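Read through the structure below, which is laid out as structure tokens, and then see the notes.
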There are 2 protein chains.
Amino acid sequence: MKLIEAKQQFISSWGAFGTHWGINRTMAQIHALLLISPDPLTQDDMMEELNISRGNTNMNIRELINWGLVERVLLSGERKEYFTAEKDIWKVVKQIVKERKKRELEPMLQLLDKLEAVEGDKRDKHVKTFVDTVVSIKKLGKQADKTLDTMIKAEESWFVSSLMKMFK
Amino acid sequence: MKLIEAKQQFISSWGAFGTHWGINRTMAQIHALLLISPDPLTQDDMMEELNISRGNTNMNIRELINWGLVERVLLSGERKEYFTAEKDIWKVVKQIVKERKKRELEPMLQLLDKLEAVEGDKRDKHVKTFVDTVVSIKKLGKQADKTLDTMIKAEESWFVSSLMKMFK
DNA sequence: ATATATTTTCAATAAATATTGAAAATTCGG
DNA sequence: CCGAATTTTCAATATTTATTGAAAATATAT
């Protein structure tokens, strides 16, 4: 397989992958493109490679910056802005986990705390099942929260070797 | 907070949560409703509670069954079909992980294997960056695959206590 | 300061996805 | 087998989400 074809497949499947995880296709594709680009790219580079409009490119780059996955690079003597993605995949994963934890898991746990305190007689099976469900989701969620915190702090080497031992 | 209000909040936020994870809102809401229902429900029950059409209800129930999260229940003496969700949240999480691993992670790893074998001179920085990226994603993906396999087999108590020790 | 290059915004539009509802198929008791 | 109850399908429609492109804003060189 030629590089050009391999790149296309990588970008397109990274985009499809993203859509299964609530990330829009273009954002994932821009990220993929930057991951495999040895040098920083301009908006125009991305527009051309991915055949997307300027507005779309701009908005999705900014979103990637918000997620902490892409950053602006200043190239001396250049008027245009350049962008580059973090290439260390472990760091990328940790960053995504960190953001999703903050945006989704933590608000969910807060809500469950409130819902656990529902009024009503626990002998009513409707109340009991509701509370039991909420409590058990909360318990698992709290454990996940702690585990992810540890992961976010960990070095890849440490993390992998711990898992190795754990799952020998 | 009254039960009725708490239920609504739970269902609605479970639905919103789902959409962040590539699951459609209605499917997540049906799942939520079944999770907090002490007894099995019919399609008509769900239609009424969630204010959705018969067709929508039917399709999403079937999808939940495909995911292994819901099952049909036969109630003797009843003509209608009843449905119930697995209530053990650890089992639910394992089932979701198992399915997503099969549907997404494994195909991705297969693709990366192919892409790693791209033609071209590794001294070309475009080739090098591409291969390096593919290899590092693959490495981490393989580790995740193994870890998730272990998790899928694990009992919750064993899993939590292992994590505890690991991240003491 | 002015002209020009570049980035950003956002209303309009397109595309993708979800939902409806009624017809067709199936199931099941009698 | 018949007929009523129930489930399933799917074309039409509605809704949501993504994308465009041109105008406005901003930045920079001279």
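These figures come from a predicted structure and were not determined experimentally. Chain letters run A, B, ... following the sequence lines, proteins first and then strands; every chain starts at 1.
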**Message:** Would you say NZ of A:K128 has more than 12 non-hydrogen atoms from neighbouring residues, nucleotides or ligands within 6.0 angstrom?
**Reply:** no
**Asked** Going 5' to 3' along DNA chain C, which nucleotides are the first and last within contact of chain B (any atom under 4.0 Å from a heavy atom)?
**Response** C:dA18 to C:dC28
Let me confirm one number: the [atom1]-[atom2] distance from [X] to [Y], rounded to the nearest 0.5 Å.
X: B:E63; Y: B:N24; atom1: CD; atom2: CG; result: 8.5 Å
X: B:L105; Y: B:Q110; atom1: CG; atom2: CD; result: 10.5 Å
X: A:W14; Y: B:I137; atom1: CH2; atom2: CD1; result: 4.0 Å

In whole Å, I'd like the distance from the [atom1] atom of [X] to the [atom2] atom of [N].
X: A:M59; N: D:dT17; atom1: CE; atom2: C1'; result: 11 Å
X: B:R79; N: D:dA4; atom1: CZ; atom2: P; result: 12 Å
X: B:M46; N: D:dT6; atom1: CE; atom2: P; result: 15 Å
X: B:D45; N: D:dT7; atom1: CG; atom2: C1'; result: 15 Å
X: B:I52; N: D:dA14; atom1: CD1; atom2: P; result: 19 Å
X: B:Y82; N: D:dT7; atom1: OH; atom2: C1'; result: 15 Å
X: A:N60; N: D:dT19; atom1: CG; atom2: P; result: 7 Å

**Asked** Salt bridge or not for A:K94 and A:D88, using N-O below 4.0 Å?
**Response**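 Between A:D88 and A:K94 there is no salt bridge, as every charged N stays at least 4.0 Å from the carboxylate O atoms.
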**Prompt:** For DNA chain C, whose closest nucleotide is more 5', that of A:E81 or that of A:R25?
**Reply:**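 Its nearest nucleotide lies further toward 5', so the answer is A:E81.
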**Prompt:** So which one's nearest nucleotide on DNA chain C is more toward 5', A:R62 or A:K80?
**Reply:** A:K80
**Message:** Please report the end-to-end axis angle for the helix from C:dA1-D:dT30 to C:dG30-D:dC1, five pairs per end, rounded to 10 degrees.
**Reply:** 30°
**Request:** For A:M27 and for B:F83, find the nucleotide of DNA chain D with the closest heavy atom, then tell me which residue's nucleotide is more 5'.
**Result:** B:F83
**Message:** Just to be sure I understand the rule, does B:N24 reach a base, reach only the sugar-phosphate, or reach nothing, if contact means heavy atoms closer than 4.0 Å?
**Reply:**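 Sugar-phosphate: the residue B:N24, judged by heavy atoms under 4.0 Å, touches backbone atoms but no base.
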**Request:** Could you tell me whether A:R54 contacts a base, only the sugar-phosphate backbone, or nothing, with contacts defined as non-hydrogen atoms closer than 4.0 Å?
**Result:** base
**Asked** Does a side-chain heavy-atom distance below 4.5 Å link A:E156 with B:L140?
**Response**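 Sidechains of B:L140 and A:E156: in contact.
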**Message:** Do A:W67 and A:R103 make a side-chain contact, defined as non-hydrogen atoms from C-beta onward lying under 4.5 Å apart?
**Reply:** yes
**Request:** Hey, can you tell me if A:F159 and A:W90 have their rings parallel, tilted or perpendicular (30° and 60° cut-offs)?
**Result:**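 A:F159 and A:W90: tilted rings.
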**Request:** Could you list all the side chain to side chain donor-acceptor pair (under 3.5 Å) pairs where at least one residue sits in residues 45-57 of chain B, not counting sequence neighbours?
**Result:** B:T42-B:D45, B:D44-B:R54
